[in-house]
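Chain letters run A, B, ... following the sequence lines, proteins first and then strands; every chain starts at 1. These values consider heavy atoms only, across backbone and side chains, with no hydrogens, waters or symmetry-generated copies.
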There are 2 protein chains.
Amino acid sequence: MQLSKHDVVDVATSVLDNYGIADLSMRRLARELNVSPGALYWHFENKQQLLGAVADRILTPVGEVTGPWRDRIRQTCAQLRDALLSHTDGAELVSASFAAGQSEAMTGVLNRLGAAAGDAGVASGQAELAARSVIYYVLGFTADEQSRLQWDAAGADVAQTVWAEEPDTRFAFGLQLLIDGIAAHSHAEA
Amino acid sequence: MQLSKHDVVDVATSVLDNYGIADLSMRRLARELNVSPGALYWHFENKQQLLGAVADRILTPVGEVTGPWRDRIRQTCAQLRDALLSHTDGAELVSASFAAGQSEAMTGVLNRLGAAAGDAGVASGQAELAARSVIYYVLGFTADEQSRLQWDAAGADVAQTVWAEEPDTRFAFGLQLLIDGIAAHSHAEA
DNA sequence: ACCTGAACACCGTTCAAGT
DNA sequence: ACCTGAACACCGTTCAAGT
């Protein structure tokens, strides 16, 4: 049967979930698909592009939201974090794809957060900056959280009660700093 | 002559500066040091640990600062960003080392930012969270900035006037969001 | 159009054996 | 104590040649 982009991303995602990003190699993926490594390069220009497609797959649950700007930021970020935590090394993979400019889905998130900042009253030239700041936070926090989670899950159940109490609350706290900062920079408060 | 940790980190830093993080391999480094790859494993447990030592080298210019908490945060972050921009792929390397918990210097930065947040009036349990948020921002922003800078420097001088106007101002804006957020969370304002 | 086979130029890490 | 040599088990990418 012929290889389709969709199949490749499917299998890549399952390799990611079962073995992690370190084992998501072009060769390993090709083996899993029963094709030669070169076959992948007919469908994708390079590994970065393929990982970008996996990132967009991971981010499909992140959708449009409505309501006051604060709620839109909070919901979008919560959806983003949930999506990342739903796949092994999800935060690391999406971070890398975002940095490489290979994720269309992240561009969508960026635009929606920028629109929310705009509605908050932030000048249009600075709204994208505010949106980027929020994304840096979500990616940084979640990558950190996920590496601890995965480390703990791997048998090392050391003193996690001290650190891991209420990650949702911790996440919300840092996000609130940015939301308050955005509110402070409004020209006109809603 | 015998290999010392110091020599290894020296040469590793120069490989980083001249060829970038992708070319900073254990084998390449060993070749540059006229030693066999295995020799490096006498001095460092693994590549992560060696990169952590390079990260700490990069961060030596980031020192203690004094003054009101807002200035301390601003100065620490400015020093951090400057240090990262002084080495090819500096932000990416330090980001990875911080995430892996391999940089003592970043732990120092974290503690100093946490102390500043504490002085701002943030509850002690949340001060470290605030400090982490600031670090996620600086690392995210600077990695982004540096990848654009390096891409532009590599001949592609496309429309950078649109995006690259005043990166210092852009950096300060995002940081100000967090500082304002921290101020909003103070129990007692100074 | 889509894929194979084989090659090119690499990796990180380990470890017996040498000095 | 410190390092070599050689091996193990891999990488991403290219490209002539096949169907």
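Inter-residue side-chain proximity for Leu129(A) and Val122(A) is flagged as unmet; no heavy-atom pair is nearer than 4.5 Å. Residues Arg57(A) and His6(A) meet the side-chain proximity criterion, which asks for heavy atoms closer than 4.5 Å. Annotation: side chain of Leu51(B) is not in contact with side chain of Gln102(B) (no heavy-atom distance under 4.5 Å).
Between Trp42(A) and the phosphate of dC3(C), there is no side-chain N or O to OP1/OP2 separation shorter than 4.0 Å. At dC3(C), one or more side-chain N or O atoms of His43(A) fall inside 4.0 Å of OP1 or OP2 (strictly under the cut-off).
The minimum heavy-atom distance linking Arg27(B) with Pro37(B) is given by the pair CG-CG, 4.1 Å.
Atom CD of Gln2(A) and atom P of dC2(C) are 5 Å apart (whole Å). Going from atom CG of Leu3(B) over to atom P of dC2(D) covers 10 Å, rounded to whole Å. Atom CG of Asn34(A) and atom C1' of dG5(C) are 16 Å apart (whole Å).
Under a hydrophobic-cluster definition in which Ile, Leu, Val, Met, Phe, Trp and Tyr are linked whenever side-chain heavy atoms come within less than 4.5 Å, directly or via other members, Ile58(A) and Val11(A) are assigned to the same cluster. Hydrophobic clustering (ILVMFWY, side-chain heavy atoms < 4.5 Å, transitive): Leu110(B) and Trp69(B) are in one cluster.
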Dump the pairs, protein N or O against N or O of nucleotides 11-14 of chain C, anything under 3.5 Å, distances to one decimal.
from: dC11(C); atom 1: OP1; to: Ser25(B); atom 2: OG; distance (Å): 2.8
from: dC11(C); atom 1: O5'; to: Ser25(B); atom 2: OG; distance (Å): 3.4
from: dG12(C); atom 1: OP1; to: Met26(B); atom 2: N; distance (Å): 3.1
from: dG12(C); atom 1: OP1; to: Lys47(B); atom 2: NZ; distance (Å): 2.9
from: dG12(C); atom 1: OP2; to: Met26(B); atom 2: N; distance (Å): 2.9
from: dG12(C); atom 1: OP2; to: Arg27(B); atom 2: N; distance (Å): 3.2
from: dG12(C); atom 1: N7; to: Arg27(B); atom 2: NE; distance (Å): 3.0
from: dG12(C); atom 1: O6; to: Arg27(B); atom 2: NH2; distance (Å): 2.4
from: dT13(C); atom 1: OP2; to: Tyr41(B); atom 2: OH; distance (Å): 2.6
from: dT13(C); atom 1: OP2; to: Lys47(B); atom 2: N; distance (Å): 3.0
from: dT13(C); atom 1: O5'; to: Tyr41(B); atom 2: OH; distance (Å): 3.3
from: dT13(C); atom 1: O4; to: Arg27(B); atom 2: NH2; distance (Å): 3.4

Under 3.5 Å, which N/O atoms of the protein pair with N/O atoms of nucleotides 16-19 of chain D?
none

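Among residues two or more places apart in sequence or in another chain, the ring-ring contact (aromatic ring centres under 6.0 Å, His included) test is passed with His185(A) by Phe173(B).
Rounded to a whole angstrom, the distance from the C1' atom of dA9(D) to that of dC10(C) is 14 Å.
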Given Watson-Crick or G-U pairs with both distances under 3.5 Å, what dot-bracket string fits DNA chain D, with | for other-strand pairs and [ ] for crossing? ||.|||||...|||||.||
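A distance-only check finds a donor-acceptor pair linking the side chain of Gln146(A) to the backbone of Ala91(A) [under 3.5 Å]. Checking side-chain atoms of Gln150(B) against main-chain N and O of Thr88(B) turns up no donor-acceptor pair under 3.5 Å. Looking only at distances, no side-chain donor or acceptor of Glu104(A) sits under 3.5 Å from a matching main-chain atom of Asp56(A). Checked by atom type and distance alone, the side chain of Arg74(B) never pairs as donor or acceptor with a backbone atom of Ala172(B) at under 3.5 Å. For the pair Arg70(B) (side chain) and Ala120(B) (backbone), a donor-acceptor distance under 3.5 Å is absent.
Within residues 8-18 of chain B, no residue is approached by DNA chain D to less than 4.0 Å at the level of any non-hydrogen atom.
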Check: residues 18-26 of chain A side-chain donor-acceptor pairs under 3.5 Å, at least two apart:
from: Asn18(A); atom 1: ND2; to: Ser14(A); atom 2: O; distance (Å): 2.8
from: Ser25(A); atom 1: OG; to: Arg28(A); atom 2: N; distance (Å): 3.0

